[in-house]
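Reviewing the structure listed below.
Numbering of ligands and ligand atoms starts at 1, following listing order.
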Amino acid sequence: MERNFDRFEVNPPGATGAVAAGWPPITKTGRHAPVAPNLLDYETSRATFSWEAARAELDGLPGGRGLNIAHEAVDRHATGARASRLALRCLAKAGVTRDFTYAELRDLTNRFANVLAQLGIGKGDRVYALAPRLPELYLAALGTLKHRAVFCPLFSAFGPEPIRTRLALGDARVLLTTTGLYQRKIAPLRAMLPALEHVLLIASDGAPVAVEGTHDLRQLMAVASDRYQIGPTDPEDPALLHFTSGTTGTPKGALHVHQAVVAHHITGKLALDLHPGDVFWCTADPGWVTGTSYGIIAPLTNGITTITDEADFDLERWYGIVQQQRVTVWYTAPTAIRMMMKAGAAAARGYDLSSLRFLASVGEPLNPEAVVWGEEAFGLPFHDNWWQTETGGIMIANFPAMDIRPGSMGRPLPGIDAVIARRSDSAVEIIAEPNVEGELALRVGWPSMFRAYWGERERYDRCFSDGYYFTGDLARRDADGYFWFIGRADDLIQTSGHLVGPFEIESVLLEHPAVAEAAVIGKPDPVIHEVVKAFVALKDGFVESEALRRELLGLGRSRLGAVIAPKEIDFLPDLPRTRSGKIMRRLLKARELGLPEGDISTLEQTAPPQEAP
Ligand code: ATP
Ligand code: MG
């Protein structure tokens with residue numbers, strides 16, 4: 001992406017405000033933990049890390065037949081004493097919790113792989129899932145990987161059109177879904193999907209499935225063998241197809257290969273600090289990359305217990321799960337954290353959350369306010385980390401053995417070379433000087449880097465220059481190597497000769513006790529290029545008023561300076577967000593300017609329709 005930074009003055013860090021200033025660092029949280037962090041010292045770990053050594057923590061397929069994600073996640077733990085350990089616990093919305101030991105997971109994923117074999121599905125064929133977080137979804141993901149087909153999970157709340165385009169784009173041969181979802185969303189589209197040969201249905205009520213043109217998954221599983229030998233898997237064989245969140249436009253299908261598991265495993269160990277005996281809960285749906293890389297793969301390769309919950313966010317349910325399941329490591333997203341904050345720290349006090357050892361967040365910038373709030377509510381700060389669908393795994397993180405600078409994404413994972421850069425058609429300039437804004441770029445070569453945007457070769461190629469992958473995010477690096485998120489290149493605001501990222505302004509507004517959420521856009525202006533406009537959603541118990549608007553405008557001016565402070569503020573009951581919880585600033589902007597709304601296939605509806613399973 002080309003940006004002309006030269007025409008605009010970049011704000012000196014901290015000069016405008018909030019994010020860098022006023023939030024003292026939180027010292028090495030790992031100090032107090034009952035177990036020593038896996039990454040004990042950042043500098044040493046960085047100096048000694050190699051991807052070969054990370055790969056050596058995995059087993060590889062027996063007989064040197066390659067590297068397969070499902071073998072590393074499941075089969076290698078399914079022998080000896082480890083086999084009877086709890087691998088996966090699936091909590092149901094209503095109804096029964098289902099538990100799977102590593103041995104059971106091996107047998108059931110073997111069955112699923114055999115089901116695919118019997119249907120004539122081959123290596124590299126695309127197996128999609130459109131299902132709630134039911135046990136079958138997890139069995140299918142791992143069984144598909146064993147069979148060396150490509151697994152593509154879709155979020156079950158998608159409407160028919162986003163489903164059709166994604167199935168068609170990847171030429172889905174198999175779809176796993178529920179009877180209800182099939183009848184409502186897929187059956188009407190079936191004629192438009194000639195490549196879709198097999199639909200496997202998860203029955204909701206235990207009754208056999210009798211829907212024309214589909215298979216009953218349970219029946220197929222019942223007759224399939226529970227023995228399966230994973231075929232030779234080249235580390236570069238395609239494994240996963242994940243669609244991006246669609247925050248900035250039409251979602252892209254990022255393709256990942258089997259050796260991504262090296263990154264899943266080592267980031268789980270170093271950035272999420274997974275230890276033997278941990279009970280890990282990643283709240284993301286596998287329809288988003290987080291719910292697969294960390295909701296399925298990383299905890300299992302690390303041999304621990306992973307919790308999944310079929311239900312959506314509900315404060316009391318979530319605290320109840322942490323308490324009952326004795327969750328030790330919790331990985332969630334800023335949008336959920338802000339909802340918890342909305343309810344207040346006192347709401348957490350009625351629960352015994354003392355099992356928690358490490359809290360992490362991903363998906364959007366985590367405002368300093370939220371980092372620190374973790375300490376108030378749980379006695380632990382949230383550790384922000386940064387990555388994308390394209391990177392396949394965590395790239396920049398706040399590690400437990402490192403001081404947190406609230407508002408910073410942390411430092412690059414050992415083995416990841418992250419830089420701030422500028423590029424034009426002809427050249428790439430790596431910016432060595434600290435605290436200068438530019439595009440965040442990563443040196444090519446980590447195992448979980450995407451290998452294609454499915455069907456979009458040129459778009460993929462455009463992401464790379466001079467051996468670097470350009471992320472489309474703007475950031476700066478401070479003198480100690482901490483990275484600070486500025487905004488997506490597309491969301492950057494150019495006002496009165498300054499380039500401003502929305503995050504810094506939003507963070508200041510969030511400091512106000514009435515503000516639950518804030519989103520900032522640039523609105524075209526003939527004189528100053530763009531005017532900073534903020535949209536604000538209020539916490540329960542606060543009502544919008546002219547006085548409050550003036551107070552917020554004043555807070556902006558005093559904290560950010562008159563030049564970049566918001567000039568306009570609108571109150572909204574909720575902010576538009578993607579299903580993965582990211583604020584869609586482009587939609588606010590389109591609505592403000594009366595422009596077409598663009599691709600809104602991933603837009604979360606304020607009152608999500610209740611999905612019958
Ligand atoms: P699309 O590419 O379709 O517009 P998306 O970029 O939101 O959607 P994802 O791959 O799910 O899709 O999200 C990755 C993006 O989320 C990052 O590029 C970044 O903009 C944002 N993000 C993720 N983690 C963080 C973080 N810790 N701090 C700031 N931003 C983050
Ligand atoms: Mg993106």
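- Closest protein heavy atom to atom 13 (O) of ligand 1: Lys582 NZ, 2.9 Å.
- Glu390 and Tyr460 share no side-chain donor-acceptor pair at under 3.5 Å.
- The contact set between ligand 1 and Val362, taken as ligand atoms under 4.0 Å from a residue heavy atom, comprises 24 (N).
- Between the Trp446 side chain and the Gly415 main chain, no donor and acceptor come within less than 3.5 Å of each other.
- Using a non-hydrogen distance threshold of 4.0 Å, Trp387 registers as a contact of ligand 1.
- A donor and an acceptor atom, one from each side chain of Thr328 and Asp278, are located under 3.5 Å apart.
- Counting heavy atoms closer than 4.0 Å to ligand 1, residue Thr578 contributes nothing at all.
- Across Thr248, Thr244, Thr389, heavy-atom proximity to atom 9 (P) of ligand 1 is greatest for Thr389.
- With salt bridges taken as basic N to acidic carboxylate O contacts below 4.0 Å, none links Arg488 and Glu439.
- Using a cutoff of 4.0 Å between basic side-chain nitrogens and carboxylate oxygens, Glu506 and Arg585 are scored as salt-bridged.
- Residue contacts with ligand 1 for Phe503 are absent, since no atom lies close enough (heavy atoms, distance under 4.0 Å).
- Scanning the protein for heavy atoms near atom 17 (C) of ligand 1, the closest one is Asp473 OD2, 3.1 Å.
- In terms of protein heavy-atom proximity, atom 29 (C) of ligand 1 is closest to Pro365 N, 3.2 Å.
- Residue Thr247 has at least one heavy-atom neighbour below 4.0 Å for each of these atoms of ligand 1: 1 (P), 3 (O), 4 (O), 5 (P), 7 (O), 8 (O).
- Partner of Arg133 under the side chain to side chain donor-acceptor pair (under 3.5 Å) criterion, chosen from Thr308, Thr283, Asp312: Asp312.
- Remark: ligand 1 and Gly246 share an N or O pair separated by less than 3.5 Å (distance only, no angle test).
- Look at Glu236 and Arg451 and you find a salt bridge, because one of the NZ, NE, NH1 or NH2 atoms lies within 4.0 Å of a carboxylate O, short of that distance.
- For Tyr331 and Phe358, the gap between ring centers reaches or exceeds 6.0 Å.
- With a 4.0 Å heavy-atom cut-off, ligand 1 is reached by the side chain of Phe485 but not by its N, CA, C or O.
- Close approach of ligand 1 to Asn385 is summarised as follows: ligand atoms under 4.0 Å from at least one heavy atom of the residue are 24 (N), 26 (C), 27 (N).
- Annotation: cation-pi geometry satisfied between Arg166 and Phe243 (NZ/CZ under 6.0 angstrom from ring centroid, within 45° of ring axis).
- For atom 22 (N) of ligand 1, the nearest non-hydrogen atom from the set Ser245, Gly363, Gly249 comes from Gly363.
- Within the 4.0 Å heavy-atom cutoff, Asp384 counts among the residues contacting ligand 1.
- Any N or O atom pair closer than 3.5 Å counts here, and Arg488 shares at least one such pair with ligand 1.
- Contact annotation: for Lys252 versus ligand 1, heavy atoms closer than 4.0 Å belong to the side chain alone.
- Counting heavy atoms under 4.0 Å from ligand 1, residue Gln388 touches it through both backbone and side chain.
- In terms of polar-atom proximity, defined here as any N/O pair under 3.5 Å, Ser580 makes no such contact with ligand 1.
- Geometrically, Arg579 does not engage Phe155 in a cation-pi contact, judged by NZ or CZ lying under 6.0 Å from the ring centre and within 45° of the ring axis.
- Ionic pairing of Arg476 and Glu433 is not present here: no N-O contact between side-chain nitrogen and carboxylate oxygen is shorter than 4.0 angstrom.
- From the protein, the heavy atom lying nearest to atom 25 (C) of ligand 1 is Trp386 CD1, 3.5 Å.
- The nearest protein atom to atom 26 (C) of ligand 1, hydrogens excluded, is given as Glu364 O, 3.4 Å; this is a heavy-atom distance.
- With respect to the salt-bridge test (charged N to carboxylate O, under 4.0 angstrom), the residues Glu530 and Lys523 do not qualify.
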